[in-house]
Asks: 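Let me give you the structure first, and then I'll get to my questions.
Keep in mind the model is a prediction, meaning the values are calculated, not measured.
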Amino acid sequence: MSHDQPRDGKPDQAAHCRCRDGEPVDRDDQIKGCEVTKDELVPIEADELSEIALESTHTINIEAFCKREEVDERYLDKPYYLAAEDKVSREAFAVIRDAMKKKGMAGLGRLVIYKRERVVLLEPYGKGLLATLLRYQDEVRSPTAYFEDMPDGKPTDEMRALAEELIARSTKTFDPSKFEDRYEEALITLVKGKASKPSKGKGRAKAEASNTGNVVNLMEALKRSIDSEKAGSPAKPSARKSSGSKRTATASKQPASKPAPRKVRKAA
């Protein structure tokens with residue numbers, strides 16, 4: 001993880017300052033607050049937060065069961081491996097695991113983690129269970145506002161056939177090891193390269209991201225891609241400017257959940 005620091009290379013400390021005069025505020029004079037309207041904060045004292053805080057637990061209370069396919073993928077947050085800790089609980093653990101596997105069901109429960117109650121989805125995974133924290137409903141945005149201007153689309157049979165052929169030719173088994181974090185690798189290379197040298201604040205390492213350039217004609221791109229595969233050489237898309245305006249899609253994120261019987265390990 002990278003951190004901002006002064007150009008002299010020495011660690012620095014961030015300070016909270018008053019908006020009206022820029023003067024720093026001592027830690028003892030700082031309080032938490034919740035913004036209810038613009039520029040209006042409701043102060044909340046530390047002891048008030050302590051009163052409503054929940055103690056973290058090491059058990060999950062299963063409240064219901066449902067079909068796994070009924071759970072919308074947008075609600076899935078963080079996965080954890082779940083296993084029983086002691087010999088006594090392992091038998092009961094195995095019984096509920098095998099019963100869910102046979103019925104094709106998943107469990108829904110609650111867990112307190114990091115002083116917050118979370119809903120958790122439990123499903124059989126190998127010899128154990130996979131416990132996935134779920135987002136709450138108000139954390140998942142409706143797609144309507146994002147997709148309302150998207151055309152229904154009525155492609156020609158030729159375009160559909162080309163797209164289907166391209167998909168068929170490019171279909172592979174999913175292998176997560178094939179996907180690398182190029183920014184992370186470039187950052188590590190940059191840090192290693194500068195670690196043994198005096199800091200000048202000028203070095204730059206750029207991740208090689210694919211550049212799509214200008215908007216290209218989909219029909220031509222599909223044809224070139226398929227033709228290049230038949231010829232055994234990579235396609236070289238020629239960029240063409242679009243007379244229309246360009247739209248960008250916005251992605252959103254949200255979270256919520258709770259653990260089960262005993263030992264919880266974060267999924268690798």
Asks: Please list, chain by chain and in numerical order, all residues satisfying salt bridge (Lys or Arg N to Asp or Glu O under 4.0 Å) with Glu63, sequence neighbours excluded.
Replies: Arg110
Asks: Measure the CG-CG distance between Leu121 and Leu76 for me, rounded to the nearest 0.5 Å.
Replies: 6.5 Å
Asks: Going from CG on Leu108 to CD on Glu123, what distance comes out if it is rounded to the nearest 0.5 angstrom?
Replies: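 Between atom CG of Leu108 and atom CD of Glu123 there are 10.5 Å.
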Asks: Can you tell if the side chain of Met100 reaches within under 4.5 Å of the side chain of Leu129, non-hydrogen atoms only?
Replies: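 The answer is yes; the side chains approach within 4.5 Å.
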Asks: Among residues at least two apart in sequence or on other chains, which ones pass side chain to side chain donor-acceptor pair (under 3.5 Å) with Thr173?
Replies: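 For Thr173, no residue satisfies side chain to side chain donor-acceptor pair (under 3.5 Å) once neighbours in sequence are set aside.
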Asks: Rounded to the nearest 0.5 Å, how far apart are CZ of Arg74 and OG of Ser142?
Replies: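 Going from CZ on Arg74 over to OG on Ser142, the span is 7.5 Å.
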Asks: Are any non-hydrogen side-chain atoms of Tyr80 and Leu130 less than 4.5 angstrom apart?
Replies: no
Asks: What distance separates Leu122 CG from Thr132 OG1, expressed to the nearest 0.5 Å?
Replies: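 Result: 8.5 Å between the selected atoms.
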Asks: Just how far is it from atom OG1 of Thr189 to atom NZ of Lys194, taken to the nearest 0.5 Å?
Replies: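 Interatomic distance, Thr189 OG1 to Lys194 NZ, rounded to 0.5 Å: 13.5 Å.
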Asks: Who passes side chain to side chain contact (heavy atoms under 4.5 Å, CB included) against Phe174, sequence neighbours left out?
Replies: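 Per chain and number, Phe174 pairs via side chain to side chain contact (heavy atoms under 4.5 Å, CB included) with Pro176, Phe179.
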Asks: Going by heavy atoms in the side chains, are Asp86 and Phe93 under 4.5 Å from each other?
Replies: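 The answer is no; the side chains never approach within 4.5 Å.
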Asks: Applying salt bridge (Lys or Arg N to Asp or Glu O under 4.0 Å), can you list everything that pairs with Asp157, at least two apart in sequence or on another chain?
Replies: Arg160
Asks: Between the side chains of Tyr125 and Arg97, is a donor N or O closer than 3.5 angstrom to an acceptor N or O?
Replies: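 No, Arg97 and Tyr125 have no side-chain donor paired with an acceptor closer than 3.5 Å.
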Asks: Among Arg68, Lys101, Lys102, which residue meets the side chain to side chain contact (heavy atoms under 4.5 Å, CB included) test with Pro124?
Replies: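 Of the listed residues Arg68, Lys101, Lys102, the side chain to side chain contact (heavy atoms under 4.5 Å, CB included) partner of Pro124 is Lys101.
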Asks: Determine whether more than 12 heavy atoms belonging to other residues, nucleotides or ligands lie under 6.0 Å from atom CD of Gln137.
Replies: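 12 or below, so no.
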Asks: Say whether, by atom type as modelled, one donor and one acceptor occur between the side chain of Ser170 and the main chain of Ile167 under 3.5 angstrom.
Replies: no
Asks: Tell me every residue that passes salt bridge (Lys or Arg N to Asp or Glu O under 4.0 Å) with Glu40, counting only those two or more places apart in sequence or in another chain.
Replies: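 Testing Glu40 for salt bridge (Lys or Arg N to Asp or Glu O under 4.0 Å), a comparison that skips the adjacent residues, returns none.
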Asks: Can you check side chain to side chain contact (heavy atoms under 4.5 Å, CB included) on Ile44 and Cys34, steps first, answer last?
Replies: CA-CA 7 Å; Ile44 301 176; Cys34 181; 4.2 Å; yes
Asks: In Å and rounded to the nearest 0.5 Å, what is the NZ to CZ distance from Lys103 to Phe65?
Replies: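 Between atom NZ of Lys103 and atom CZ of Phe65 there are 12.0 Å.
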Asks: If only atom types and distance count, is the side chain of Asp181 paired as donor or acceptor with the main-chain N or O of Glu184 below 3.5 Å?
Replies: yes
Asks: In terms of hydrophobic clustering (I, L, V, M, F, W, Y; side-chain heavy atoms under 4.5 Å; direct or indirect links), are Tyr136 and Val71 co-clustered?
Replies: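 The answer is yes; both residues are in one hydrophobic cluster.
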Asks: Quick one: list whatever passes salt bridge (Lys or Arg N to Asp or Glu O under 4.0 Å) with Asp98, sequence neighbours left out.
Replies: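 So Asp98 forms no salt bridge (Lys or Arg N to Asp or Glu O under 4.0 Å) with any residue.
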